[in-house]
Every structure is written in structure tokens, then in C-alpha cells.
Amino acid sequence: MLAFLSELLLPFSLGEDQVRVGLLQVGTQPRLEFGFDAHGAQSGLQEALRNVKPLRGDTNTVEALRMARERALRPGAAGGAREGLPRVLVWLTDGVKPGDVIEPMAELREEGVAVLVVSTGHSNYQLLRQVVTPPVENNLYFVDIDDMSIITEDLRDAIIEIIRAERITVRDVATDSATLQWRPVLSGLTGYYEIRFSPLSPGEAGGGGGGEDGTSPSTSGAHYQRLTKSAESSTARLTGLKPDTTYTATLTPESNEQAFNTLSISFATKPEVLSPAVVTVSESGLTSVRVSWGPSQPEAVTSYYVEYSALPRGKLHAVTVGRTQNSTLLRDLQPDTTYLVTVSSRHASGTEKAMSVKVCTQEVTPALADLQLTTVGSDSVQVNWRSSPGGLRGYWLTWEGQRSSVPGQRSSLYLPPDSLSTRLNSLPPAARVCVSPIYRTARGEGLCCTAQFHSNGLPYGYQS
């Protein structure tokens, strides 16, 4: 693969205003071998390729894609890609266990990165065709590892076509906004970019994605929005869009020094997500819990209504929350209790939406304290302790003799939660007594004491 990369990249002119190359190797811990700013000449690049050592371990492609996105392909990252320039990701893979790469690859494509794939093994074709940038026939290659040279020229041509293309892309598409990105062809020239965008009519929306041969009917008519950007710009944010709507946008570079084509593109905004789309729980205590929801939509929501009741048949409580709030603290709850909480929203449009979650308050965890032993006679002991009330299921006593005739022999006793003392008889010498609280789900940390029985009839106990 390294020999293939060497041959593939050799004809490119490298430098600040030319092609720049980075290499990231996949492994259990992926490694960025070098970034885009590392090599400004072929001699350095070729030497770096010869010195790459293969990584061992698992094929952690998902982590490698995250690293590529954050450290190399994202404009503004140290040593990363420059804003407005074409970005290409070439993924060389043997096809073995690629992982869940569909979503991270889609995020890269949405950010304007062109994805090309070369597979040298028995890969999942359906998976790979989903991650490459269309057209699939130009950007997806299957080849034997020993015959990779036969695709070198085709792959290089595909990269060159992407780099040279005068094209416009759309990224960061939301319900009411999107970002246009283009190659800054006016950089260094006098002029500006004119941008027009408008929603497509139902007939136009079903007719395809637009072209690069001039304005479309919808942006040449009266119902469009217009922006202008400076000659050095390469992006523009389109705002005030309608949810779940197909738009067409045109970009016209205007300059007296050189003529440029008008580029156009169609895209669809995301459907509106009505709040609450997610409900979360935090700050869970003995008698209170905070419930939060999102997304925040104060311009669309008139109020929120929060209902809650203890399961299975507790009394229903309700509270109304203002449209600018996205959380509320539910108080005066019962400890160690499961509640059903429903958050409902009333929208200005008349629409209502609700979402329910189960929340649990914390258990009471009383602290066991002040364990005391008082020896009675030569082999009995009075055991006393103090504990905070509530939340206990009882106490567990254990004891054993340190000089017992049967080493490790241990006795135990359960006592109900209202017990704070007991007497143990027939204890062996140097008996060690432990008392532990029992909660609903587990036994808590206990206290232990050792009782000493002296032959002179002066018994005593001490805590340890």
C-alpha cells in the first residue's frame, strides 16, 4: 500500500498553494504519521512514506476517522486543511472489520470532504458504496493487493477532478439554515460573489438536484433571497429557511478581470424537531430530582406542563413551566421511589407533544455509629449501637473467636430494623462482633468490636 501511495502521489506538485498531503494509519491506536503542513516537496514526502512502520492490532477505523476529522480535515485545526479548499479522503482498506463507519463518513461528506475508497480484500460492497462520494463508479475501487498499480491512474484522475472542480457544496444543514461552501476562485481578483436562494416549487423539487449551467427558474424570478460576499470569501450562511423544504441556491462570481460560470445546487433542510425530543434526569436526591428537556424552542413553545406520580398508583402532581425554561426541580418526593414523569409542550401552532421517563429517588443510607460491647459474665456480651432511622431492612450480626478451636468458624444473626441492641451468649475467647446495616439492594459497611474475657473476672470490650 505504501508503494502504491508513493506512485499515486509522485506527480503532484506540493506546497502552500498546491496539493498538500497527510497520512493517518489505522490500528488499535490510530496514528497520524504526518499532517498537511509537513511536506512541501516530493523528496520529503517520499522519504516519509518509506519510513512509515506498520501498526499492529485491531482495525479501529472509527477512531481513525475521528482523528482525521479533528486533526487534519477540519479547517482551522493545527496543521489541518485550509478553509475553502477542496478536501479529499482516500481510504485504503483490506475490508476486514471496518466498524460502524457510515455515520462518521456521512459527517465528513456533509462538511464538504470528498471520500474515495480502495478495497484490497473481501469488503462489504453495500457498506462501501454508502460511504463514498458519488459517483460510486468513479470513487470506489476493488483491486487485489498485488495489482494495485492498475488503478493508480484512474484514482489519481478522480482526485484531480475533485481538486480542480469549480463546484459548490452544502454543509451544516439544519431545520432553518445551511452553509454554502465553494472554491475561492476570485481570490486575488477584484469582484464579489452573488448568492441567490429560494425554495423549489413542488414540481421542481421532484425533478432533481440542479446543475451548473446558470440560474434556475426559481432563483431568477421575484421570490428569492440575495446575498453578496467578498472576493476572499469561500462560505456563506443561509438563514431564515423553512424546515423540511427543498431549496436551490446559485453562486455567481462577478469580476471584470475574468469570466466564471454560475454554479447551482439543490438541498433539503431537515424536518423540524418539536420539543421535547429528549428528556433527561439529573441531581437525583432523596426527595427531589431535576428533569430537563430539549431542544429549547422559546419562539415556538408557549409553555411546558410537567406531570409526575409515584408508580404504580401514586397521586398525580403537575407543574407549569415557562417557555424559556428547559428544566425544573421536582420536590417533596418520597425516598427510594420510582416516578413516572411526563413533559408536555404546547406550541404556538396548536401542536402538542409529550415525552415520558421513569426517574428514581435515592435510598436513605443511614450511618451506623457508636457500636459498644459490654461483657456479661465469662462468655456473654451485650451489643449496643446507634443508627439514623429510615430506609433500613434490618441488621446483620456476625461473630467469631480469634482463638477458636475451629479456625475461621463464624456465626451470624439477623435482627429487624427497630433493633438497636442484643445479647450474645456462649462466645469464644477474644470474640470479634460485627454489625452491618441491610439496605434494600445490599448490605452496607458495618462496625466491628472485639470483646476480651479475662480470667480475673474483669471483662471489657473495645471497638476496632
Can a salt bridge be assigned to the pair R31 and E33 using a cut-off of 4.0 Å between side-chain N and carboxylate O?
-> yes
Heavy-atom distance under 4.5 Å between the side chains of I168 and L180, does that happen here?
-> yes
R237 backbone acceptor or donor facing T179 side chain under 3.5 Å = no
Side chains of L397 and Y414: does their closest heavy-atom pair fall under 4.5 Å?
-> no
Here the gap from N425 atom CG to D379 atom CG, rounded to the nearest 0.5 Å, amounts to 7.0 Å
Exam field: side chain D58 to backbone N60, donor-acceptor pair closer than 3.5 Å | no
Any luck finding a side-chain donor-acceptor pair between D370 and Q372 under 3.5 Å?
-> yes
Heavy-atom pair of closest approach, residues R323 and T302 | CB-O, 3.6 Å
Is the shortest heavy-atom distance from the side chain of L155 to the side chain of V90 under 4.5 Å?
-> yes
Keeping the roles fixed (side chain from R171, backbone from E110), state whether a donor-acceptor pair exists under 3.5 Å.
-> no
Electrostatic pair K229:E194 at N-O distance under 4.0 angstrom | no
Short question: side chain of S327, backbone of V291 - any donor-acceptor pair under 3.5 Å?
-> no
What's the verdict on salt bridge (Lys or Arg N to Asp or Glu O under 4.0 Å) for E111 and R69, showing C-alpha distance, side-chain angles and the deciding distance?
-> CA-CA 10 Å; E111 294 177 359; R69 183 185 181 197; 2.4 Å; yes
Any side-chain donor-acceptor pair under 3.5 Å between S230 and Y193?
-> no
Is a donor on one side and an acceptor on the other found under 3.5 Å between the side chain of K358 and the backbone of L340?
-> no
To the nearest 0.5 Å, atom SG of C360 lies from atom OH of Y339 at 10.5 Å
Where is the tightest heavy-atom contact between A158 and Y141, given as atom of each residue plus distance?
-> CB-OH, 3.8 Å
Answer whether the closest heavy-atom distance between the side chains of V88 and V113 falls below 4.5 Å.
-> no
Step by step, would you call T120 with T93 a side-chain contact (heavy atoms from CB on, under 4.5 Å)?
-> CA-CA 6 Å; T120 63; T93 176; over 6 Å; no
Mark yes or no for whether Y247, through its side chain, and K242, through its backbone, hold a donor-acceptor pair below 3.5 Å.
-> yes
Side-chain contact test, heavy atoms from C-beta onward, threshold under 4.5 Å: evaluate it for S233 versus W182 and give yes or no.
-> yes
Taking every heavy atom of P98 against every heavy atom of L127, the minimum-distance pair comes out as CG-CD2, 3.5 Å
Below 2.5 Å, is that where the SG pair of C448 and C434 sits?
-> yes
For residues R432 and T450, is any side-chain donor paired with an opposing acceptor at under 3.5 Å?
-> yes
List the atom of L65, the atom of L108, and the distance in Å for their closest heavy-atom pair.
-> CD2-CD1, 4.1 Å
Got a donor-acceptor contact below 3.5 angstrom from the Q225 side chain to the R196 backbone?
-> no
Verify the neighbour count for atom CD of Q325: are there more than 12 heavy atoms of other residues, nucleotides or ligands below 6.0 Å?
-> yes
Is H347 reaching over with its side chain to a backbone N or O of S275, donor-acceptor style, under 3.5 angstrom?
-> yes
May I ask you to check whether over 12 heavy atoms, not counting those of R66, lie within 6.0 Å of atom CZ?
-> yes
Flag side-chain contact, heavy atom, 4.5 Å: Q362 against D336 | no
Residue pair P295 / Y304: nearest heavy atoms and the distance that separates them | O-OH, 4.1 Å
Between Y308 and R331, what is the shortest heavy-atom contact and its length?
-> OH-O, 4.3 Å
Side chains of T287 and D332 in contact at under 4.5 Å (non-hydrogen atoms) = no
Does atom CD of E107 have more than 12 heavy-atom neighbours, drawn from other residues, nucleotides or ligands, at distances under 6.0 Å?
-> yes
Answer whether the closest heavy-atom distance between the side chains of V435 and L447 falls below 4.5 Å.
-> no
Between CG on residue L238 and CG on residue L227, distance to nearest 0.5 Å = 6.5 Å
Between D244 and P271, is there a donor-acceptor pair closer than 3.5 Å when you use the side chain of the first and the backbone of the second?
-> no
Atom pair OG1/CG of T375 and L424 - distance to nearest 0.5 Å | 12.5 Å
Candidate pair S303 and V321, rule side-chain contact (heavy atoms from CB on, under 4.5 Å), full reasoning | CA-CA 6 Å; S303 64; V321 182; over 6 Å; no
From L373 atom CG to N384 atom CG, the distance as rounded to the nearest 0.5 Å = 8.5 Å
S284 side chain to S282 backbone, donor-acceptor under 3.5 Å = no
Determine, step by step, whether L286 and T361 satisfy the side-chain contact (heavy atoms from CB on, under 4.5 Å) criterion, reporting the C-alpha distance in whole Å, the side-chain angles of both residues, the deciding distance to 0.1 Å, and the verdict.
-> CA-CA 5 Å; L286 294 174; T361 51; over 6 Å; no
Do L32 and Q25 pass the side-chain contact (heavy atoms from CB on, under 4.5 Å) test, and can you show the C-alpha distance, the side-chain angles, and the key distance before you say yes or no?
-> CA-CA 6 Å; L32 183 63; Q25 191 176 174; over 6 Å; no
Roughly how far, to the nearest 0.5 Å, is the OG1 atom of T245 from the CZ atom of F267?
-> 10.0 Å
Between R423 and S380, do the side chains contain an N or O donor and an N or O acceptor separated by less than 3.5 Å?
-> no
